[in-house]
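Worksheet for the structure shown next.
Atoms within each ligand, like the ligands themselves, are counted from 1 in listed order. Residues take their numbers from the sequence shown, with the count starting at 1.
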Amino acid sequence: MRERIIAGNWKMNSSLFEGVKLARSVVETVRGIEGVTVVICPPATHLVTIGKLIDGTGVGLGAQNVHWEEKGAFTGELSAGMLEDTRCRWVIIGHSERRAMFAETDQTVNLRLLKTVDSQLRPMVCIGETLDDRKAERTFEVIETQLRTGLKGVPLKGRGGLVIAYEPVWAIGTGQTATPEQAQEAHRFIRDVLMDMYNAADAGETVIQYGGSMNEENVAELMACDDVDGGLIGGASLKVDKFAAIVKAAAM
Ligand code: PEP
């Protein structure tokens with residue numbers, strides 16, 4: 001049985017005060033739920049405070065990005081070591097918002113991943129097609145390129161193992177969730193590409209999250225798909241009731 005992982009991507013939302021309150025509520029509401037790993041990814045300014053607050057609770061702390069160098073003249077960036085100091089053990093890499101707005105490419109995803117596998121951070125690597133890609137029937141080609149270039153030279157079974165988040169860009173923040181059939185088809189394809197790149201055993205154990213308007217109403221049918229092993233949750237992770245309902249539904 002593969003691990004299940006539900007991670008909340010708070011993006012650039014919440015004041016520190018609101019973030020602390022939300023983190024506390026998440027810890028309280030998911031306490032005792034077994035069979036699912038829970039992670040929250042607050043804004044970077046909250047990491048130190050929330051890292052202390054949730055330490056030892058079972059809820060993991062994640063960052064929303066990481067640079068590939070250890071230190072130096074990289075204004076505005078954070079290294080893996082700096083994130084580890086805040087008790088972060090997870091990191092989102094290659095989110096489509098970073099690809100679309102901040103010049104993230106499969107090559108920079110690759111650099112970040114190569115650095116991360118040497119650290120204590122477990123990466124959740126985001127891939128997924130745009131609406132134009134899907135309309136042009138390029139979904140599988142796009143996903144395959146993102147995997148083959150982004151994961152080049154990166155071990156699949158590093159510390160804890162790489163996590164892949166399939167996030168169709170057209171589903172993110174739009175309320176237009178992929179159908180279970182669309183999600184399963186893409187997840188199966190991802191696993192097949194991983195099998196070809198690595199081996200069947202490691203690909204079979206890799207956690208593939210779905211992301212894109214996942215909520216408390218559609219989580220059960222998505223999680224029922226054979227190759228959907230969790231979720232990367234944006235909007236719904238900012239409301240503790242919704243997030244907790246997703247966690248409960250995802251628990252084995
Ligand atoms: C995301 O940004 O990773 C995401 C899945 O957002 P949402 O759940 O709001 O679509």
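Residue-level contacts of ligand 1 at the 4.0 Å heavy-atom threshold are N9, K11, H95, E167, A171, I172, G173, G211, G212, S213, L232, I233, G234, G235.
Side-chain contacts under 4.5 Å among hydrophobic residues (ILVMFWY), followed directly or transitively, place M12 with no other residue at all. Through direct or relayed side-chain contacts under 4.5 Å between Ile, Leu, Val, Met, Phe, Trp and Tyr, W170 connects to L131.
Checked by atom type, the side-chain pair T37/E3 shows a donor-acceptor distance below 3.5 Å. Q146 and D106 are not linked by any side-chain donor-acceptor pair at a separation below 3.5 angstrom, with hydrogens and angles left out of the test.
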Expected list for residues 239-252: side-chain donor-acceptor pairs under 3.5 angstrom, two or more places apart:
unit_1 : atom_1 : unit_2 : atom_2 : d
K242   : NZ     : E216   : OE2    : 3.4

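For R134 (side chain) and T139 (main-chain N/O), no donor-acceptor pair under 3.5 Å exists by modelled atom type.
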